[in-house]
Amino acid sequence: MAEQNTTGAGGGGVSGYDPQKVEAKWQKRWAEARVFESEADPSKPKYYTLEMLPYPSGTPHMGHVRNYTIGDVVARVKRMRGFNVLHPMGWDAFGLPAENAAIKNSTHPRTWTNNNIAEFQKVLRRFGFSYDWRREISTCEPEYYRWNQWFFLRMLERGLAYRKKSRVNWCPKCCTVLANEQVINGGHCWRHEDTLVESREIEQWFLKTTAYSDQLLDDLKQLEGTWPERVIVMQENWIGKSQGAKVKFAVADLAGAEPIEIFTTRIDTIYGSTAVILAPAHPLVTRLLKGSAMRVEAEGKLAKMRQASVKAEDLATMEKEGFFTGWYAVNPFNNEKIPIWVGNFVLMEYGTGAIMAVPAHDQRDLEFCRKYGLAVRVVVQPPEGEPLEAEKMTTAFDEHMQGKLVNSGPYNGLSPLDAIAKMTAFAEQKVFGRGETIFRLKDWGISRQRYWGTPIPVVYCAKDGIVAVPDSDLPVILPQDVKLTGEGGSLLASTPEFVNTICPKCGGPARRETDTMDTFVDSSWYFYRYCDAHNDKAPFDSAKVNYWFPIDQYIGGIEHAILHLLYSRFWCKVMRDLGLIKHAEPVARLFTQGMVLRGGVAMSKSRGNVVGGEEMAQKYGADTGRLYTLFAAPPEKDLEWSEESIEGSWRFLNRVYRLIERHAEALANVGNFDFGRSAVSEKERELIRKTYQTLQRVTSDFETRWHFNSAIALIMELTNEIYAQEPLEEGVRPEVRREILEMATLMLAPMTPHLAEELWEMLGHSDGLWNAKWPYLGVEQVQLSQNVEVEIPVQVNGRVRGRVKVAAGAGEEEVLKLALADPGVAHHANGKRIVKKIFVPDRLLNLVVS
RNA sequence: GCCCGGGUGGCGGAAUGGCAGACGCUGAGGACUUAAAAUCCUCCGGGGAUUUUUCCUCAUGUGGGUUCGACUCCCACCCCGGGCACCA
């Protein structure tokens, strides 16, 4: 006992607790007994709990450990509660960092990725997370990504995957497309800081997320209460539904010109529109400028605007700029001619890329019209106060729930809401407009001009055009034998063995698509694959998925609140419409945990503030690391890493170990405590009560509140109480001692599973704790958990002036009598009249005196 | 600008209408030891009174309100963090 312990912590022999030995031992036993392997079984209640799959870069740090520990506690508690638990892990293995690292270290992305996966796996196993490792997936393996391709083909068949020209950030040095976050310093390439990024139009593949706009929005309602509100709000904003109308304004005096279609949510203000404003990128702009007197001047301004729009980041603070095209549009409601302008604040990507400016009732329009001296006309008067005067307005009146229309011909006197209905109907009847709902949500561009991703399974044939690769030819395998240099554009495009192929239709020569898929494709459906990870006939067996889904608890970072979760929801709906699954939403309950910070910022390799999981496991053991990440802060909050505090968790586990070590031998062959029959001594009663009360509160902290930190505090308190009652041999029978120590062990099990197993064994159990159930209290036990005597604080005018000890359940009169005898209470209450008494049984007595 | 969080000792945090500061960290003092480590014990929000025992008082970002009673509920404001933002 108490020899040198082998950990570095504290530097000396604390107890016989040797986490390295204990943890290795139980991890081996769990693996041998296949404890965490589960199968779909409709006769059992299921629980699918999942942590977001990691991108394996480098080695896991304590941020990862915290995330997976939270998930592991949930999985283990549910197992102890009798659920058939699915708890898998895998790797988000495609992506740009692997390519960059490969270029830097002249290796292959696969080598770099697989090394990292091995490292991650080692550390995750070291922490004893209860994963079913048989279900492990790696998204860069053909066995996985062939199903990305398969899904893509199904979407292609249904018109949900299509090709279109789209504007991208292009670095002429990299010869490739850059993501928005790779455009830095006001439009320069992140790798070539002296190179200006160009805006180019290239053909790209898109998935039609917009086909599901309404469902993606409406189904958020199902998630209320089980998803964090802010995630729901972020998704709502992202989808950005907007109800309004599209209206066509003819261009006056320009033969053959298409009318300009504008989008507005306030068709009721159309009599107040004093200009039509086009986005700089609007196709009509060039045409209008051709015949314009101000052509030269205008083209200069236009070029400046179009270039400026590349710098997305300072768009928000930009001054409103614009110019007159020299042409006029005709308001279809009153046939008034209004000038056509170009304005930098009108976005081509939203609505129709053209607006009607109603300066009196839209702040942006007002600013623009004031700047350029355009007319302002009031068409809605507010219900009270001074009537608006166009000349004096500095703030637009944009309330649409109140007011009455003026200066609006036949619509005068209507409320804006009535006017919207009537005017939309009129526009539809006259066929120059219609009511329409538009969304901010755009289709999902999935093309990436990169190597390390899923090849898009189509070929281009001179004769047959775009031809889908047949299912029987899947997967289209990423060529392994390539050399990455980072120069010269798409690597796949310059690999002839990959590019050159034959057309599946005509057998003639054809070229393969060389774009690969966005890695968000991989993560959009990976959790389905876990249900049937090695199926080589289909992405998964629907029966298995229908058993396990939806995911009961999904745990991950807030950074995935929009894209990953939105794409996953989209994918789910597509799969449902393909008949593969039954549910409409993949994730029943979502939890977003806080980050682990060091020096106030998230741990990251580039900042050099990482605390490695491996390092902590070596120094303190996995259980201490797990316990600390749970204890230091509630799981939803950020956690500032502290090397000093973790010592406290280490000390606590040693304290528990020593306690049970001291009693184990004497208790190994002792039977269970008989709650009903045997009378208990005062000391026994007190210990049992404390134990059961702790259990009740810990259970609620685990199940309903997720307050792991206070659950641990409660178990610490219990441990302190037991120590305070030592030596237990005096006055506490062995079977009672056993009851108390076993309960403490079981309560720790989800958080520090290795230690708990060891203690369980020391207490004489030959079958593992993994077979044990979470303890429920029987009727007699609940009775024992109740207090016999309570101390009731007595307040006088809301301030505590004394306390009285009474039997639990004592009545008001008895408590009052004792209270008045208390010197502190008497001092404040004597000689005064008691106006009111508030008595809460077993909790409080408050005397209001005058 | 709009929408979410959050603000409690030296620090992490607990208490969701009923004794504010549980539990832990740090710090101080003590016991054990040749010594150290480990372990164990005591103290640890501010101010005041009383001195050796307790009492009073202030205190949960600020100011109001509701209530017998507010960290907790309501109103206004300040500060910090995050998200969205010419979205027509």
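Letters go in sequence order (proteins before strands), and every chain restarts at 1. The figures here come from the full heavy-atom set of this structure, side chains too, leaving out hydrogens, waters and symmetry mates. In this text, all values refer to a predicted model and were calculated from it rather than measured experimentally.
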Counting C-beta onward and ignoring hydrogens, is there a side-chain heavy-atom pair between Met62(A) and Leu639(A) closer than 4.5 Å? no

Distance test, side-chain N/O of Arg801(A) to OP1/OP2 of C19(B), below 4.0 Å: no

Provide the distance between the two C1' atoms, one in G45(B) and one in C71(B), to the nearest whole Å. 15 Å

Does the structure show a Watson-Crick or G-U wobble partner for U60(B), both distances under 3.5 Å? Name it, or say none. none

Rounded to whole angstrom units, what separation is found between the CG atom of Asn237(A) and the P atom of G82(B)? 18 Å

So, is Arg658(A) near the phosphate of A38(B), with a side-chain N or O under 4.0 Å from OP1 or OP2? no

So does Arg655(A) get a side-chain nitrogen or oxygen closer than 4.0 Å to the phosphate oxygens (OP1/OP2) of C40(B)? yes

Under a 4.0 Å N-O cut-off, is there an ion pair linking Glu721(A) with Arg689(A)? no

Between G1(B) and G13(B), how many Å separate the two P atoms, rounded to a whole number? 29 Å

Rounded off to whole Å, could you give me the CE-to-P distance for the Met234(A) and C4(B) pair? 13 Å

Hey, are Glu236(A) and Lys221(A) close enough for a salt bridge, meaning a charged N less than 4.0 Å from a carboxylate O? no

Residue-phosphate contact under 4.0 Å: Lys637(A) side-chain N/O, G13(B) OP1/OP2: yes

Side chains of Lys241(A) and Asp214(A): does their closest heavy-atom pair fall under 4.5 Å? yes

Residue whose nearest RNA chain B nucleotide is more 5′ - Glu717(A) or Val840(A): Val840(A)

Looking for any heavy atom pair under 4.0 Å, which part of the strands does Ser642(A) touch: base, sugar-phosphate only, or nothing? nothing

Over how many whole Å does the gap from Arg803(A) atom CZ to G18(B) atom P extend? 16 Å

Could you tell me how the ring of Tyr372(A) sits relative to the ring of Trp341(A): parallel (under 30°), tilted (30 to 60°) or perpendicular (over 60°)? tilted

Spacing of the C1' atoms in G9(B) and G17(B) (rounded, Å): 24 Å

Within the structure shown, what part of the strands sits under 4.0 Å from Gly648(A) by heavy-atom distance: base, sugar-phosphate, or nothing? sugar-phosphate

Can G7(B) be described as syn, meaning its chi torsion is within 90° of 0, or is it anti? anti

G7(B) and G21(B), which share atom name C1', separated by this distance in whole Å: 16 Å

I want to confirm an ordering. Mapping Ile562(A) and Thr264(A) to their closest nucleotides on RNA chain B, which one lands closer to the 5' end? Ile562(A)

Proximity to the side chain of Ala633(A) - top-ranked nucleotide from G18(B), G13(B), A20(B): G13(B)

Verify the neighbour count for atom NZ of Lys248(A): are there more than 12 heavy atoms of other residues, nucleotides or ligands below 6.0 Å? no

Using Watson-Crick or G-U wobble geometry with both distances below 3.5 Å, tell me the partner of G24(B), or none. C11(B)

Say we look at C75(B) and U67(B): how far apart would their C1' atoms be, to the nearest angstrom? 16 Å

When rounded to the nearest Å, what value does the distance between P atoms of G24(B) and C43(B) take? 14 Å

If you draw a 6.0 Å radius around NZ in Lys371(A), do more than 12 non-hydrogen atoms from other residues or ligands fall strictly inside? yes

Spacing of the P atoms in A59(B) and G83(B) (rounded, Å): 37 Å

Sort out the partner of G17(B) for me: Watson-Crick or G-U wobble, both distances under 3.5 Å, none otherwise. none

Separation of atom CD in Glu236(A) from atom P in C87(B), rounded to whole Å: 18 Å

Applying the Watson-Crick and G-U wobble criteria at under 3.5 Å, what pairs with A38(B)? Answer none if nothing qualifies. none

State which of A88(B), C23(B), A14(B) makes the closest approach to the side chain of Tyr350(A). A88(B)

So Pro634(A), base contact, sugar-phosphate only, or nothing? Heavy-atom distance under 4.0 Å. sugar-phosphate

When all nucleic acid strands are considered with a 4.0 Å heavy-atom cut-off, which category describes Gln795(A): base, sugar-phosphate, or nothing? base

Determine: side-chain N/O of Arg651(A) to OP1/OP2 of C25(B), distance under 4.0 Å, yes or no. yes

Exactly one of Ile267(A), Ile438(A), Thr264(A) should register a side chain to side chain contact (heavy atoms under 4.5 Å, CB included) with Lys246(A). Which one does? Ile438(A)

Output the single nucleotide from C23(B), A88(B), C87(B) whose closest atom is nearest the side chain of Arg440(A). C87(B)

Residue-phosphate contact under 4.0 Å: Arg799(A) side-chain N/O, C19(B) OP1/OP2: no

Would you say a side-chain N or O of Asn709(A) is under 4.0 Å from OP1 or OP2 of A14(B)? yes

P gap between C2(B) and C56(B), integer Å: 47 Å

Look at all strands and tell whether Val346(A) reaches a base, only sugar-phosphate, or nothing, counting heavy atoms closer than 4.0 Å. base

Return the nucleotide paired to C2(B): Watson-Crick means purine N1 to pyrimidine N3 with N6-O4 or O6-N4, wobble means G-U with N1-O2 and O6-N3, both under 3.5 Å. G83(B)

If I take atom CG in residue Asp701(A) and atom P in nucleotide U16(B), what distance separates them, rounded to the nearest angstrom? 10 Å

Length of the line joining Arg230(A):CZ and C4(B):C1', which is rounded to integer Å: 7 Å

Within 6.0 angstrom of Arg440(A) CZ, more than 12 heavy atoms from elsewhere: yes

Selected nucleotide, minimal atom distance to Glu644(A) side chain, candidates C3(B), U26(B), G18(B): U26(B)

Can you tell me the distance, in whole Å, between the CZ atom of Phe652(A) and the P atom of U39(B)? 14 Å

Using a distance-only criterion (donor-acceptor N/O pair, under 3.5 Å, no hydrogens), is the base of C86(B) paired with the side chain of Lys320(A)? yes

With a 6.0 Å cut-off (strictly less than), is the heavy-atom count around CD of Glu813(A), excluding the residue itself, greater than 12? no

If you check the Leu347(A) side chain, which of A14(B), C19(B), A88(B) turns out closest? A88(B)

Quick check on A15(B): is either OP1 or OP2 less than 4.0 Å from any side-chain nitrogen or oxygen of Arg705(A)? yes

Given A14(B), G18(B), A88(B), the nucleotide with the shortest approach to the side chain of Arg364(A): A88(B)

With a 4.0 Å cutoff (strictly under), does any side-chain N or O of Ser242(A) reach OP1 or OP2 of A88(B)? yes

What is the distance from CG of Asp842(A) to P of C19(B), rounded to the nearest Å? 14 Å

So, is Asn720(A) near the phosphate of A22(B), with a side-chain N or O under 4.0 Å from OP1 or OP2? no

OP1, OP2 of G13(B) versus side-chain N and O of His707(A): anything below 4.0 Å? no

Once you apply the 3.5 Å cut-off to both distances, tell me the Watson-Crick or G-U wobble partner of U72(B), or none. none

